[in-house]
2 protein chains.
Amino acid sequence: MSLGERKRKILKAIIDEYIEHGEPVGSKVIAMHSGLDLSPATIRNEMSDLENMGYLQQPHVSSGRIPSQAGYRLYVDELMNGHKLTNTEIEAINQGLQLKMKELDELIRGVSRVMAQLTNYTTYAVVSGASEVCIRKFDLMLVDSRTVVVVMLSSRHDIRNTYLKTAFPITEEELSVLNRMLNQLFTNLTLDKIDMLLVRRAEREMGRLGVLVPPIVNFAAEVMEEGAENNVYVGGASRILSHPEYRDTAKAQKLLDFISERKGLSVADDEGVHIAIGRENNAEPLSDASVVYGSYGKGTPMQGTLGIVGPVRMDYAKVAANLNYFLTGLDKLLRETFSIEEE
Amino acid sequence: MSLGERKRKILKAIIDEYIEHGEPVGSKVIAMHSGLDLSPATIRNEMSDLENMGYLQQPHVSSGRIPSQAGYRLYVDELMNGHKLTNTEIEAINQGLQLKMKELDELIRGVSRVMAQLTNYTTYAVVSGASEVCIRKFDLMLVDSRTVVVVMLSSRHDIRNTYLKTAFPITEEELSVLNRMLNQLFTNLTLDKIDMLLVRRAEREMGRLGVLVPPIVNFAAEVMEEGAENNVYVGGASRILSHPEYRDTAKAQKLLDFISERKGLSVADDEGVHIAIGRENNAEPLSDASVVYGSYGKGTPMQGTLGIVGPVRMDYAKVAANLNYFLTGLDKLLRETFSIEEE
DNA sequence: ATTAGCACTCGAAAGTCGAGAGTGCTAAAA
DNA sequence: TTTTAGCACTCTCGACTTTCGAGTGCTAAT
């Protein structure tokens, strides 16, 4: 059953109005401000129809209507205007993007923070785990004669480090031998290719520095394991507090806790911005929240999803437009960084 | 004017009771549960005195008393019982400490998270800036023929990295020359010792790899600058929401915003646990919050302060005991790591 | 010095009431 | 057939009142 043009216009006007003001909207306001030249009574009839069709609902009989989740869905799919980014927004996004490109491993953390600032909603970024993680490079540095810092670069472009203490002093020369050996034996191997035999062999070959091998390999294994998992960052957690639908602290906390759990957040792996409204999120704590999300960096080792979480009454047009622009920019930067040519 | 023993006992009983239940306490409860063998009427007289002395206050005339900030101060200084850590707490702390000792630069972030989990309050950790920061080591890695990762280790034991792209392919050999040169020229220099002449000279000497010198030195300068600043991490931001005094979202947000500002938080540099109650914090947004904080790692490059922020009605005994134990453990670990012997 | 007794105060919860916004329905107008 | 004016009706919201009870301060007796 498809809606007539007039019903669509009225529905759109109601939702626009409700998104802006957050209060049930009555027939009078729509009659006046919608541009349609109709009396409140006519609007009322149409509203009644829209309610029967499931697009609107009435908190109580003597109050205006608010959109149902189905109503929002239709709005998002077919009714809402594209939001034209303001210059301020564009500038803020561009600036946000430049911020952290220097330090790739901090990038995503920063991105989710910037996006939170931009939209005033809580955001999350999921860095997708890769199935085949390996260590690209080991690098050992001597801090003092008995302290070694091990830096390793994974195929996911994580750079991780760990400190090791030795019982005896070691020299730069010894260390560089160990360094070379680690890079020969343990780079570009996925976790399942590293077995105890290999570790033993390395240990034996290295003489007295052999004791360093197991802790280093262990740490490497940890890095690889973590690299295989999705990694989630949350930005602007406290921002949901500024929205009236989360005036109730318990509700706010439930949502925040769920997000901080870092599980069950929507992940995209195709182009474009996705919107999940209320119960469309298949997670109970999100049943009265909406998530706007999209994928970035597809094809690069840093691919992932950036999402914005807010109340169902959210300015979808604006948020989606912002996210879209942000994603496009981020994508471009990542492609340049990882030298992926457009085909 | 010093308090008689009986008044002290009554005051202690009142504050204990109030901390536990959060509601104004009346004379009856104290008469029954305080162990003192006195009638409510007597208690009332004493309470009246205590109010005149400024240790208690009455929300309204027909309600029980609550402690004033001065009352809490006295309680904290002289009245409260030491809290004996439970086995569960000890275990949780020990586990929390081991968690991240491997990765020093992640350590403090982790510490503040663990402490938040432990106490169910919002926490912060300030890593003190050092006045004389320098780069200890540079380390260059070739990711692919035109991408270099620069890793640098600062005297603050920050390990930071940045990605550089070159217009032309470079070899391992070239890179190791650059690496050696950077380590010779730019390590162990504070920021004020690095001038353009030095950079120019290095640039010239390096031939075609010279173009890499300025961005690397710039980044190093950034790292040094940041190392001179205090660095603040916040843990468990959403936890204040679980305390009834922050049922009011606006209030909660004001406090959270202040903490996230990362400025004006109390820093300690002597032994032991400090407690600042309400307006004792010299920051307006903290005027009805309390901060329990203490210093760790004194003498190591990672020294700083760990603090817990909560409502004035806080279980000081428990929080202080937990923090104290945590700080001691952390301190010990840091001293071992940085090989500082006890004198 | 302590305590029982009692009048008093005041906040919180429940109840009452009128105003106003908004509806649905009906009958007239277009 | 569609639209609209008119009107009775519903229900929330805020203001006001009432009731209840916890807790007090004071007085007089112990």
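Proteins come first, then strands; the chains are lettered A, B, ... in the order of their sequence lines, and each starts at number 1.
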In whole angstroms, how far is the P atom of D:dT1 from the CZ atom of A:R6?
16 Å
Going by the rule ring pair (Phe, Tyr, Trp, His ring centres under 6.0 Å), which residues pair with B:Y121 if we only count those two or more places apart in sequence or in a different chain?
B:H243
Using the rule side chain to side chain contact (heavy atoms under 4.5 Å, CB included), only one of B:L327, B:I308, B:V319 pairs with B:M115; which is it?
B:I308
Enclosure of A:K12 NZ (heavy-atom neighbours >12, cutoff 6.0 Å):
yes
Within a 6.0 Å radius of atom NZ on B:K318, are there more than 12 heavy atoms belonging to other residues, nucleotides or ligands?
no
DNA chain C: first to last nucleotide in contact with chain B (atom under 4.0 angstrom from a heavy atom), 5' to 3', is C:dT2 to C:dG11
Pick the closest DNA chain C nucleotide for B:P59 and for B:R44 by heavy atoms, then say which residue is nearer the 5' end.
B:R44
Among residues 60-72 of chain A, which ones have heavy-atom contacts with DNA chain C below 4.0 Å?
A:V61, A:S62, A:S63, A:G64, A:R65
For DNA chain C, the residues among residues 11-32 of chain B that have a non-hydrogen atom under 4.0 Å from it:
none
Using a cut-off of 6.0 Å, state whether more than 12 heavy atoms not belonging to A:K7 lie near its atom NZ.
yes
Quick one: B:Q58 CD to D:dA22 P, roughly how many Å, whole number?
17 Å
Does atom CD of A:Q117 have more than 12 heavy-atom neighbours, drawn from other residues, nucleotides or ligands, at distances under 6.0 Å?
no
Any pair with a residue in residues 66-87 of chain A that passes salt bridge (charged side-chain N to carboxylate O under 4.0 Å, His left out), sequence neighbours left out, goes on the list, sorted by first then second residue, please.
A:R8-A:E78, A:R73-A:D77, A:R73-A:E280
For the NZ atom of A:K254 and the OH atom of A:Y246, what is their distance to the nearest 0.5 Å?
9.5 Å
If you draw a 6.0 Å radius around CG in B:D37, do more than 12 non-hydrogen atoms from other residues or ligands fall strictly inside?
no
Which atom pairs, one a donor and one an acceptor, fall under 3.5 Å between side chains of residues 283-294 of chain B and the rest of the protein, sequence neighbours left out?
{"unit_1": "B:S287", "atom_1": "OG", "unit_2": "B:E284", "atom_2": "O", "d": "2.9"}
{"unit_1": "B:D288", "atom_1": "OD2", "unit_2": "B:K251", "atom_2": "NZ", "d": "3.4"}
{"unit_1": "B:S290", "atom_1": "OG", "unit_2": "B:Y316", "atom_2": "OH", "d": "2.7"}

